[in-house]
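Working notes, beginning with the structure itself.
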Amino acid sequence: MRSRKSPEVRGQAGRMSFLHDLGKTFASADDTQAVLRAIMEQTNDFFRPRSLSLLLLDEKSQELYSEIVIGGQAEEQSARVRLGETTAGWSAERGEPLLVEDLRTDPRFQKPTSDGPADVRSVLCVPVKGRDSVLGVIKLANGAADHGFTEEDLVTLTLVSDYAAIALENARHLRRMQELTVTDDCTGLYNARHLNHVLEGEIYRSSRFGHEFSLVFMDLDQFKKVNDAYGHLIGSKVLGRIGELIKGQLRVIDSAFRYGGDEFVLLLPQTSKQNALVMVRRLKEALNSSVLLTTDGRKVRMTASYGVAGFAADGSTAPELLRAADQAMYRVKSAGRNGIALASEGSATE
């Protein structure tokens with residue numbers, strides 16, 4: 001078993017050397033995720049705790065989840081912690097560092113918690129703070145037989161958290177920039193440029209593994225009347241609501257794209273045309289029954305026309321599939337709008 005460093009071993013010179021090495025690590029790597037992992041591993045090597053955890057905040061659920069765990073038990077790697085609960089939740093909720101010398105005697109943490117194994121005694125938590133909010137917590141834990149943490153350790157770990165915060169914000173900024181290049185900002189759906197990339201990938205996968213998939217072309221009916229009656233600002237809001245409605249009908253593996261002004265494409269992997277028809281019926285019913293917006297006392301509703309094509313029966317390339325679904329959709333337009341047509345099914349619509 002690896003020995004724990006005592007406070008004496010973690011002296012001023014050692015701390016300065018450790019922080020210097022962290023700075024070099026931060027400056028030398030391009031992959032922010034790799035930087036984060038390296039920072040945590042170096043921190044673990046310096047403090048030699050019983051366990052080290054980097055917990056990040058899930059903004060939707062307001063829970064902490066384990067991003068990196070070193071030396072911890074299996075349950076620590078999958079645990080989720082509510083804000084205010086356990087030492088990590090306490091630190092994240094308040095945005096304050098926390099040094100607990102002995103969990104058994106600290107009155108703040110007398111309720112049963114998931115602060116790790118039963119023999120954990122000393123805990124050090126430091127929030128990882130971004131520009132506007134807490135991003136997560138770095139937590140160190142030691143057992144009864146280990147040396148406790150000190151105020152100097154708290155100061156050192158706070159400096160580590162600054163590096164971690166920069167790495168996390170860089171990663172999030174990069175992810176956001178990548179999202180902006182493939183996302184339509186009006187609807188929140190993917191854009192047409194990204195459709196080409198995703199569709200080619202799905203054709204390759206389906207060809208290789210013998211899967212089928214379906215492509216749906218969706219065109220709003222008489223959307224121009226909304227822009228003419230209410231203006232383009234209201235029209236954009238309606239498109240945004242339709243984007244939300246479409247996403248609400250999709251499975252995790254499905255993708256939706258804004259193809260043009262009022263045109264959308266849905267990609268449904270591992271889905272036959274008949275199964276795709278079930279999904280499109282559900283989407284059609286949801287759209288037809290929705291009040292998308294209320295303006296000047298008037299309720300804005302929309303319908304759409306849908307065309308469904310299947311790989312590889314209706315086409316084996318991206319242009320062929322898009323053309324087949326588009327032509328099926330136009331059959332619906334010719335028949336009176338607000339319906340669904342399957343490619344290669346003659347004039348049949350519903």
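Counting from 1, the numbers follow the sequence of the chain as shown.
Closest non-hydrogen pair, Glu93 versus Gly84, comes out as OE1-CA, 3.3 Å. The two residues Lys139 and Cys125 make their nearest non-hydrogen contact at CG-SG, 3.7 Å. What you find for Leu268 and Phe213 is that their closest heavy atoms are O-CB, 3.4 Å. When all heavy atoms of Ser236 and Cys186 are compared, the closest pair comes out as O-SG, 3.4 Å. Ser161 approaches Thr158 most closely through the heavy-atom pair OG-O, 2.6 Å. Between Tyr65 and Leu57, the shortest heavy-atom contact is CE2-C, 4.2 Å.
Side-chain N or O atoms of Ser206 include none that pairs as donor or acceptor with a backbone N or O of Ile203 at under 3.5 Å. Ser122 contributes a side-chain N or O that, together with a main-chain N or O of Val100, makes up a donor-acceptor pair within less than 3.5 Å. With hydrogens and angles ignored, the 3.5 Å screen pairs no side-chain donor or acceptor of Ser334 with any backbone N or O of Val332. Proximity of a side-chain donor or acceptor of Arg331 to a complementary backbone N or O of Leu342 within less than 3.5 Å is detected. Between the Ser91 side chain and the Ala88 main chain, no donor and acceptor come within less than 3.5 Å of each other. The closest donor-acceptor contact from the side chain of Ser214 to the backbone of Thr271 lies under 3.5 Å. Between the side chain of Thr183 and the backbone N or O of Gly188, no donor-acceptor pair lies under 3.5 Å. With hydrogens and angles disregarded, no donor-acceptor distance shorter than 3.5 Å links the side chain of Asn288 to the backbone of Thr303. Put simply, the side chain of Arg48 gets close to the backbone of Asp45: a donor and an acceptor are under 3.5 Å apart. Remark: side-chain polar atoms of Asn191 are paired, donor with acceptor, to backbone N or O of Thr181 under 3.5 angstrom.
Between the CG atom of Asp184 and the NE2 atom of His194 there is a distance of 12.5 Å, given to the nearest 0.5 Å. Separation of atoms CG (Leu54) and CD (Glu67) is listed at 6.5 Å; rounding is to 0.5 Å. Interatomic distance, CG of Leu56 versus OG of Ser66, reported as 9.0 Å (0.5 Å rounding). With rounding to the nearest 0.5 Å, the separation of CE in Met218 from NZ in Lys284 is 11.5 Å. Taken from CD in Glu85 to CH2 in Trp90, the straight-line distance is 15.0 Å, to the nearest 0.5 Å. Taken from CD1 in Ile68 to CZ in Arg37, the straight-line distance is 4.5 Å, to the nearest 0.5 Å.
When the side chain to side chain donor-acceptor pair (under 3.5 Å) test is applied to Glu244, no partner is found at least two apart in sequence or on another chain.
Hydrophobic clustering (side-chain heavy atoms under 4.5 Å, transitive across Ile, Leu, Val, Met, Phe, Trp, Tyr) keeps Leu55 apart from Val134.
Annotation: side chain of Leu154 is not in contact with side chain of Thr156 (no heavy-atom distance under 4.5 Å). Side chains of Glu41 and Ile70 form a contact here, defined as non-hydrogen atoms less than 4.5 Å apart. Side-chain atoms of Leu36 and Leu168, non-hydrogen and from C-beta on, do get closer than 4.5 Å to each other. A heavy-atom distance below 4.5 Å is not found between the side chains of Leu189 and Phe257. Residues Thr87 and Phe109 meet the side-chain proximity criterion, which asks for heavy atoms closer than 4.5 Å. Counting only heavy atoms from C-beta outward, the side chains of Leu322 and Asp326 never approach each other to under 4.5 Å. Side-chain contact between Ile246 and Leu266 is present, with at least one heavy-atom pair separated by less than 4.5 Å. Proximity of Leu287 to Leu292: side-chain heavy atoms (C-beta onward) are separated by under 4.5 Å at one or more points.
A salt bridge links Arg80 to Asp58: at least one charged side-chain nitrogen sits closer than 4.0 Å to a carboxylate oxygen. Between Asp221 and Lys333, at least one side-chain nitrogen of the basic residue sits less than 4.0 Å from a carboxylate oxygen of the acidic one, meeting the salt-bridge criterion. Between Asp254 and Arg251 a salt bridge is recorded (basic side-chain N to carboxylate O distance below 4.0 Å). A salt bridge does not link Glu152 to Arg15: none of the charged nitrogens lies less than 4.0 Å from a carboxylate oxygen. In summary, Lys273 and Asp314 engage in a salt bridge, as defined by a charged side-chain N under 4.0 Å from a carboxylate O.
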Tell me, with the steps shown, if Asp153 and Phe47 meet side chain to side chain contact (heavy atoms under 4.5 Å, CB included). CA-CA 8 Å; Asp153 292 334; Phe47 285 100; 3.5 Å; yes
Please determine whether salt bridge (charged side-chain N to carboxylate O under 4.0 Å, His left out) holds for the pair Asp219 and Arg337, giving the CA-CA distance in whole Å, both sets of side-chain angles, and the decisive distance to 0.1 Å. CA-CA 9 Å; Asp219 187 282; Arg337 307 184 184 90; over 6 Å; no
When you look at Arg131 and Glu169, which way does the salt bridge (charged side-chain N to carboxylate O under 4.0 Å, His left out) test go after all the steps? CA-CA 9 Å; Arg131 292 182 181 88; Glu169 292 216 310; 2.8 Å; yes
Step by step, work out the side chain to side chain contact (heavy atoms under 4.5 Å, CB included) result for Ser290 and Arg301. CA-CA 7 Å; Ser290 294; Arg301 299 178 182 271; over 6 Å; no
Working note: Arg323 + Glu320, criterion salt bridge (charged side-chain N to carboxylate O under 4.0 Å, His left out); need CA distance, chi angles, decisive distance, verdict. CA-CA 5 Å; Arg323 189 181 309 114; Glu320 289 173 353; 5.7 Å; no
Could you walk me through whether Val160 and Phe46 satisfy the side chain to side chain contact (heavy atoms under 4.5 Å, CB included) test, starting with their C-alpha distance in whole Å, then the side-chain angles of each, then the deciding distance to 0.1 Å, before giving a yes or no? CA-CA 11 Å; Val160 173; Phe46 176 71; over 6 Å; no
Could you walk me through whether Arg193 and Val182 pass side chain to side chain contact (heavy atoms under 4.5 Å, CB included), step by step? CA-CA 7 Å; Arg193 186 188 308 112; Val182 301; over 6 Å; no
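For Gln62, the CD atom sits in a packed shell: over 12 heavy atoms of surrounding residues, nucleotides or ligands are nearer than 6.0 Å. The environment of Lys237 atom NZ is sparse: at most 12 non-hydrogen atoms of other residues, nucleotides or ligands sit within 6.0 angstrom. Counting non-hydrogen atoms of other residues, nucleotides and ligands closer than 6.0 Å to CZ of Phe18 gives a total above 12. Atom CD of Glu96 sits in a crowded spot, with more than 12 heavy atoms from other residues, nucleotides or ligands closer than 6.0 Å. Summarising the local packing, CZ of Arg82 is surrounded by 12 or fewer heavy atoms from other residues, nucleotides or ligands at distances under 6.0 Å. Summarising the local packing, NZ of Lys247 is surrounded by more than 12 heavy atoms from other residues, nucleotides or ligands at distances under 6.0 Å.
Taking the six-membered ring where the residue is Trp, Tyr259 and Phe217 present perpendicular rings, their angle passing 60° and hence far from 30°.
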